[in-house]
Enquirer: 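This structure is in structure tokens; I'll ask about it shortly.
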Amino acid sequence: MKIISGTASRHLAQKIAKALKIDPSQLDIHIFPDGEKRVRVVDKVANKDCCVVESTSTDADKNYMELFFIVDALKRNGAKKVSAVIPYLGYQRQDHVFRSGEAVSLEVIVRILEVVGADKIITFDLHSIKIPEFFKIPVIHLSALPIFARKIREICRLSFWDTVLASPDKGGIRRVKILSKMLNNMPYVTIEKNRDLASGKISVDKIEGEVKKKAIIVDDMISTGLTIVAGADILNKNGVKEIIAFATHPVFSSDAYMLLQKSKVKKVFVTDTIDIPKEKQFPKLEVLSVAEMIATSLSS
Ligand code: R5P
């Protein structure tokens with residue numbers, strides 16, 4: 001097995017390789033003055049199972065192009081099978097036409113991945129469980145929820161019965177229900193959130209369910225941070241004393257990291273599906289690793 005890392009996922013690829021007790025393979029990426037990239041696989045990959053690790057968060061377009069080139073280079077050099085580990089699948093939220101006239105960007109990405117020759121996709125906590133149906137190749141859809149459950153058991157040891165899970169919107173109820181089952185049916189509440197499609201503005205109206213002293217907001221991703229901040233505000237207004245947030249993908253667009261640090265949230269747990277640049281890390285943040293899960297999936 002060969003592990004090849006794209007530029008967006010160097011840290012995670014190293015951790016996966018370490019868990020598999022192999023060294024990441026060498027890849028030569030040259031950037032021309034106009035920004036175009038030339039990708040060259042240095043190691044011999046003929047007849048080998050290869051795995052490319054490349055998250056496709058900001059800048060999604062650049063990361064996707066690099067991923068397509070790496071898969072193509074591996075295939076041209078005789079790789080037996082190429083698994084694309086895309087821990088965060090960019091464009092996943094554009095999975096249907098929201099307003100007439102729009103493109104279905106995810107569909108375009110899926111077609112290209114198949115055309116360049118990816119044989120399998122491994123990804124995490126997709127926004128919709130229907131997304132694997134877009135692909136004709138196998139998709140292994142992993143979830144960070146077991147990692148979250150372990151952490152919640154650890155941090156809520158003494159306050160388990162005074163804690164509720166909170167879905168920040170109706171779309172997240174399925175996720176929270178699964179986590180609740182993993183945590184001896186921990187109760188949950190749902191926040192009613194609305195996002196204006198044109199302006200991106202968020203409004204939260206009310207909470208369905210009974211809150212407790214402590215609340216744990218669980219989401220698939222944090223992009224602008226507005227969902228978590230608005231959720232924490234309404235929980236706080238409803239008497240919750242301690243609010244913690246868990247989200248798989250730290251997309252952290254614009255100044256999300258500042259908003260989260262200043263927010264009513266005491267602690268923010270995310271995973272390493274996306275490498276967080278140093279300048280976007282903040283004191284309330286803690287990163288949990290999905291590397292072992294990916295390594296286990298690759299070796300099974
Ligand atoms: C929305 O449906 C998603 O599950 C997340 O809640 C959302 O994408 C988070 O985005 P932001 O951090 O920009 O509010």
Side-chain angles (χ1 to χ4, degrees), residues 55-60 86-99 102 104-106 109 123-132 141-145 148 165-180 188-209 215-236 243-265 267-271 273-274 276-277 280-282 284-287:
S55 221
T56 50
S57 175
T58 326
D59 180 334
I86 316 177
Y88 173 75
L89 187 79
Y91 285 111
Q92 59 178 285
R93 284 175 289 180
Q94 195 61 42
D95 61 349
H96 64 272
V97 172
F98 291 85
R99 294 176 298 169
E102 289 177 351
V104 182
S105 319
L106 180 65
I109 297 294
T123 189
F124 269 86
D125 287 322
L126 293 167
H127 188 59
S128 149
I129 52 165
K130 288 190 172 290
I131 289 174
H141 183 188
L142 300 174
S143 173
L145 290 179
F148 292 172
L165 298 173
S167 173
D169 50 34
K170 291 224 156 121
I173 298 178
R174 196 193 122 267
R175 201 171 299 122
V176 163
K177 278 186 179 167
I178 296 172
L179 191 56
S180 159
Y188 61 87
V189 298
T190 308
I191 298 163
E192 285 205 8
K193 171 188 103 175
N194 288 302
R195 190 192 293 263
D196 183 285
L197 280 179
S199 67
K201 277 201 178 139
I202 282 177
S203 59
V204 285
D205 305 326
K206 56 177 179 153
I207 300 176
E208 256 176 42
I216 298 176
I217 307 177
V218 185
D219 211 347
D220 55 343
M221 67 181 84
I222 300 176
S223 180
T224 60
L226 293 175
T227 300
I228 297 287
V229 171
D233 282 346
I234 194 162
L235 285 165
N236 177 263
I243 302 153
I244 297 173
F246 278 81
T248 306
H249 308 294
V251 177
F252 291 174
S253 327
S254 43
D255 54 0
Y257 62 103
M258 280 197 249
L259 291 182
L260 293 166
Q261 180 60 30
K262 282 195 221 140
S263 73
K264 301 236 158 42
V265 175
K267 188 114 187 136
V268 180
F269 291 94
V270 294
T271 78
T273 56
I274 296 170
I276 309 169
K280 291 199 172 183
Q281 296 176 12
F282 52 97
K284 287 181 181 177
L285 182 71
E286 186 170 326
V287 182

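Computed from a predicted structure; not experimentally measured. When a ligand or atom number is given, it counts from 1 through the structure's own listing order.
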Enquirer: Would you say the side-chain atoms of D125 and S143 include a donor-acceptor pair closer than 3.5 Å?
Expert: yes
Enquirer: Which atoms of ligand 1 sit under 4.0 Å from any heavy atom of I222?
Expert: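 The atoms of ligand 1 under 4.0 Å from a heavy atom of I222 are 12 (O).
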Enquirer: For ligand 1, does T224 get within less than 4.0 Å through its side chain, its backbone, both, or neither, judged by non-hydrogen atoms?
Expert: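 The answer is both.
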Enquirer: Can you sort out which atoms of ligand 1 are near K193, meaning under 4.0 Å from one of its heavy atoms?
Expert: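 Near K193, meaning under 4.0 Å from one of its heavy atoms, ligand 1 has 1 (C), 6 (O).
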Enquirer: With atoms numbered from 1 as shown, which atoms in ligand 1 lie under 4.0 angstrom from a non-hydrogen atom of D220?
Expert: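 So the atoms of ligand 1 that pass are 3 (C), 4 (O), 5 (C).
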Enquirer: Students should be able to answer this: which protein heavy-atom is nearest to atom 1 (C) of ligand 1, and at what distance?
Expert: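 Checking every protein heavy atom, the shortest distance to atom 1 (C) of ligand 1 gives H127 CE1, 3.6 Å.
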Enquirer: Heavy atoms only: give me the nearest Y91-L106 pair and the separation to one decimal.
Expert: O-CB, 3.5 Å
Enquirer: Any luck finding a side-chain donor-acceptor pair between T190 and S167 under 3.5 Å?
Expert: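 No donor-acceptor contact under 3.5 Å links the two side chains.
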Enquirer: Go through it in stages, so that I can follow the logic: the residues are K284 and S263, the test is side-chain contact (heavy atoms from CB on, under 4.5 Å), and I'd like the CA-CA distance, side-chain angles, deciding distance and then a yes or no.
Expert: CA-CA 10 Å; K284 287 181 181 177; S263 73; 4.3 Å; yes
Enquirer: What protein heavy atom sits nearest atom 10 (O) of ligand 1, and how far away is it?
Expert: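 In this structure, atom 10 (O) of ligand 1 has R195 NH2, 3.2 Å as its nearest protein heavy atom.
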Enquirer: Under a 4.0 Å heavy-atom limit, does T227 contact ligand 1 with its side chain, its backbone, both, or neither?
Expert: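 Looking at T227 and ligand 1, atoms from backbone and side chain both fall under 4.0 Å.
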Enquirer: In the protein, which heavy atom is nearest to atom 8 (O) of ligand 1, and how far is it?
Expert: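 So the nearest neighbour among protein heavy atoms is R93 NH1, 3.1 Å.
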Enquirer: At under 4.0 Å between heavy atoms, is it the side chain or the backbone of V251 that contacts ligand 1, or both, or neither?
Expert: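 The answer is neither; V251 stays 4.0 Å or more away.
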Enquirer: Considering non-hydrogen atoms only, spot the tightest contact between T273 and P250 and give its length.
Expert: OG1-CD, 3.9 Å
Enquirer: Please give me the minimum heavy-atom distance between I243 and A232, naming the atom from each residue.
Expert: CD1-O, 3.4 Å
Enquirer: In this structure, does ligand 1 have an atom that sits under 4.0 Å from one of the heavy atoms of P168?
Expert: no
Enquirer: side-chain contact (heavy atoms from CB on, under 4.5 Å), that's the test. Do I276 and V287 meet it? Break it down for me.
Expert: CA-CA 9 Å; I276 309 169; V287 182; 3.9 Å; yes
Enquirer: If I compare all heavy atoms of V265 with all of A245, which pair ends up nearest, and what's the gap?
Expert: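 Closest heavy-atom pair between V265 and A245: CG1-N, 3.8 Å.
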Enquirer: Out of all atoms in ligand 1, which are within 4.0 Å of some heavy atom of M221? Include the element for each.
Expert: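 Those qualifying, in numeric order: 5 (C), 8 (O), 9 (C).
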Enquirer: Do you know the tightest heavy-atom contact between P132 and H141?
Expert: CG-ND1, 4.4 Å
Enquirer: Can you sort out which atoms of ligand 1 are near D169, meaning under 4.0 Å from one of its heavy atoms?
Expert: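 Reading through ligand 1 atom by atom, the close ones are 1 (C), 2 (O), 6 (O).
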Enquirer: Could you establish whether I202 and ligand 1 come within less than 4.0 Å of each other, counting only heavy atoms on the residue side?
Expert: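 True for this residue.
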Enquirer: As a check for students: among V218, L260, V229, D219, identify the option with a heavy atom nearest to atom 5 (C) of ligand 1.
Expert: D219
